[in-house]
Amino acid sequence: MKTLSPTTITTRATLTLQVSLSNPNHRCFLSLPPPPTGLHLSLKRHRLKLHFISKAAESTQPSTTTTDKTLVPDDEFTLAKVSFGVIGLGLGVSLLSYGFGAYFNILPGSEWSAIMLTYGFPLAIIGMALKYAELKPVPCLTYSDAKNLRETFATPILKQVRNDVTRYRYGDEQHLEEALKRIFQYGLGGGIPRRSAPTLQMVREEVTEDGKYCLVLVFEAKALELSDFEKRQAKFTSFFGPGITAEIG
């Protein structure tokens with residue numbers, strides 16, 4: 001860890017959307033200020049990145065730069081990470097199984113068989129319905145230095161995006177569905193077919209070499225071209241909040 005002397009700095013948080021394209025030769029950066037000296041942007045084949053840089057207030061706190069690239073395990077327990085479809089289906093099937101066994105005197109508790117069958121059947125139905133409508137959370141890779149900066153440098157929009165895509169959702173066809181629908185205008189004039197919409201694959205929290213918190217969203221979008229993203233740069237900027245600049249790479 002290297003400690004710098006107190007200075008006045010402008011903090012920025014970066015949201016990166018990394019998209020897989022069918023054309024491996026696409027490389028482009030949109031509407032970015034000149035990058036700081038020594039800034040390294042990792043580019044991979046078949047990848048397209050959209051960076052959203054949110055401007056924050058100036059800080060007079062001492063600046064500390066860390067280069068800890070240790071992955072932090074996502075072992076925090078929250079109800080949002082629990083599949084209610086699995087719970088309902090498991091509980092319902094268990095009650096039905098034991099209820100039938102008790103009813104035919106294979107298992108003890110025949111006097112409770114009617115109650116178990118009465119409650120087990122609707123629980124199993126509800127569990128199956130939730131399981132059918134379930135959208136699983138995407139994997140999230142978090143580096144230690146990014147976790148340390150998240151609360152201070154990540155904007156409320158970045159935190160909301162991360163929380164929304166790393167929990168179970170019900171009734172949605174894909175993560176960030178509303179955002180993608182507005183940006184790509186599914187089925188409308190000048191838009192794209194819904195079947196061609198990019199699909200979120202994973203998220204990653206990291207810190208750039210100049211100390212900015214960075215949230216990377218990795219999409220699969222093999223049916224789209226680079227121009228489909230270039231002409232929607234302003235829409236990405238406006239949807240994810242004021243002061244956000246989009247970058248494609």
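- When the options Thr142, Val161, Val165 are evaluated for a side-chain contact (heavy atoms from CB on, under 4.5 Å) with Leu215, the one that passes is Val161.
- We find the CG-CE distance between Leu95 and Met116 to be 7.5 Å, quoted to the nearest 0.5 Å.
- In this structure, CZ on Phe100 lies 10.0 Å from OG on Ser113, to the nearest 0.5 angstrom.
- Atom CZ of Arg169 sits about 5.0 Å away from atom CG of Asp164, to the nearest 0.5 Å.
- Atoms CG and CG, from Leu96 and Leu123 in turn, are 8.5 Å apart once rounded to the nearest 0.5 Å.
- Judged by distance alone, with hydrogens and angles left aside, the side-chain atoms of Asp228 form no donor-acceptor pair with the main-chain N or O of Leu224 at under 3.5 Å.
- Residues Pro198 and Leu180 come closest through the heavy atom pair O-CD1, 3.6 Å.
- For the pair Leu158/Phe153, no side-chain contact is recorded, criterion being any heavy-atom separation below 4.5 Å from C-beta on.
- Contact annotation: the side chain of Tyr143 never approaches that of Val207 to less than 4.5 Å [non-hydrogen atoms, C-beta and beyond].
- In this structure, the separation between OG1 on Thr199 and CD on Glu177 is 11.0 Å, given to the nearest 0.5 Å.
- Counting only distance, with no hydrogens or angles, the side chain of Tyr98 and the backbone of Pro108 share a donor-acceptor pair below 3.5 Å.
- Ile125 and Val86 are members of different hydrophobic clusters when ILVMFWY side chains are connected at heavy-atom separations under 4.5 Å.
- More than 12 heavy-atom neighbours from other residues, nucleotides or ligands sit within 6.0 angstrom of OH on Tyr168.
- Ion pairing between Lys181 and Glu178 fails under the 4.0 Å rule for side-chain N and carboxylate O.
- Within the 4.5 Å cutoff, side-chain heavy atoms of Lys131 are placed close to those of Glu134.
- Transitive grouping of hydrophobic side chains (ILVMFWY, heavy atoms separated by less than 4.5 Å) keeps Val72 and Leu141 in distinct clusters.
- In this structure, Phe104 is a member of the same hydrophobic cluster as Phe121, with clusters built from ILVMFWY side-chain heavy atoms closer than 4.5 Å.
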Subject >> Verdict with supporting geometry, Thr78 and Arg167, side chain to side chain contact (heavy atoms under 4.5 Å, CB included) >> reply: CA-CA 9 Å; Thr78 62; Arg167 67 181 178 89; over 6 Å; no

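- For Ser196 (side chain) and Ile192 (main-chain N/O), no donor-acceptor pair under 3.5 Å exists by modelled atom type.
- Within the model, atoms CH2 of Trp112 and CG of Leu117 stand 14.0 Å from one another, a figure rounded to the nearest 0.5 Å.
- Of the possible donor and acceptor atoms, none in the side chain of Thr70 sits under 3.5 Å from a partner among the backbone N and O of Ser144.
- The shortest non-hydrogen separation linking Cys140 to Thr166 is CB-CG2, 3.8 Å.
- Ion pairing of Arg150 with Glu205 is present here, as a side-chain N (NZ or NE/NH1/NH2) and a carboxylate O approach within less than 4.0 Å.
- Cluster annotation: Val138 is connected to Leu176 through the hydrophobic network of ILVMFWY side chains, with a link wherever side-chain heavy atoms come within less than 4.5 Å.
- Atom OH of Tyr186 sits in a crowded spot, with more than 12 heavy atoms from other residues, nucleotides or ligands closer than 6.0 Å.
- Clustering ILVMFWY residues whenever any of their side-chain heavy atoms sit less than 4.5 angstrom apart, transitively, puts Val203 in the very cluster that holds Ile157.
- Between Arg232 and Glu230 there is no salt bridge, since no side-chain N of the basic residue sits under 4.0 Å from a carboxylate O of the acidic one.
- Checked by atom type and distance alone, the side chain of Tyr170 pairs as donor or acceptor with a backbone atom of Phe84 at under 3.5 Å.
- Within the 3.5 Å criterion, the main-chain N or O of Lys136 finds a donor-acceptor partner in the side chain of His175.
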**OP:** Give the C-alpha distance, both sets of side-chain angles, the deciding distance and a yes or no for side chain to side chain contact (heavy atoms under 4.5 Å, CB included) between Val216 and Val218.
**Re:** CA-CA 6 Å; Val216 182; Val218 182; 4.1 Å; yes

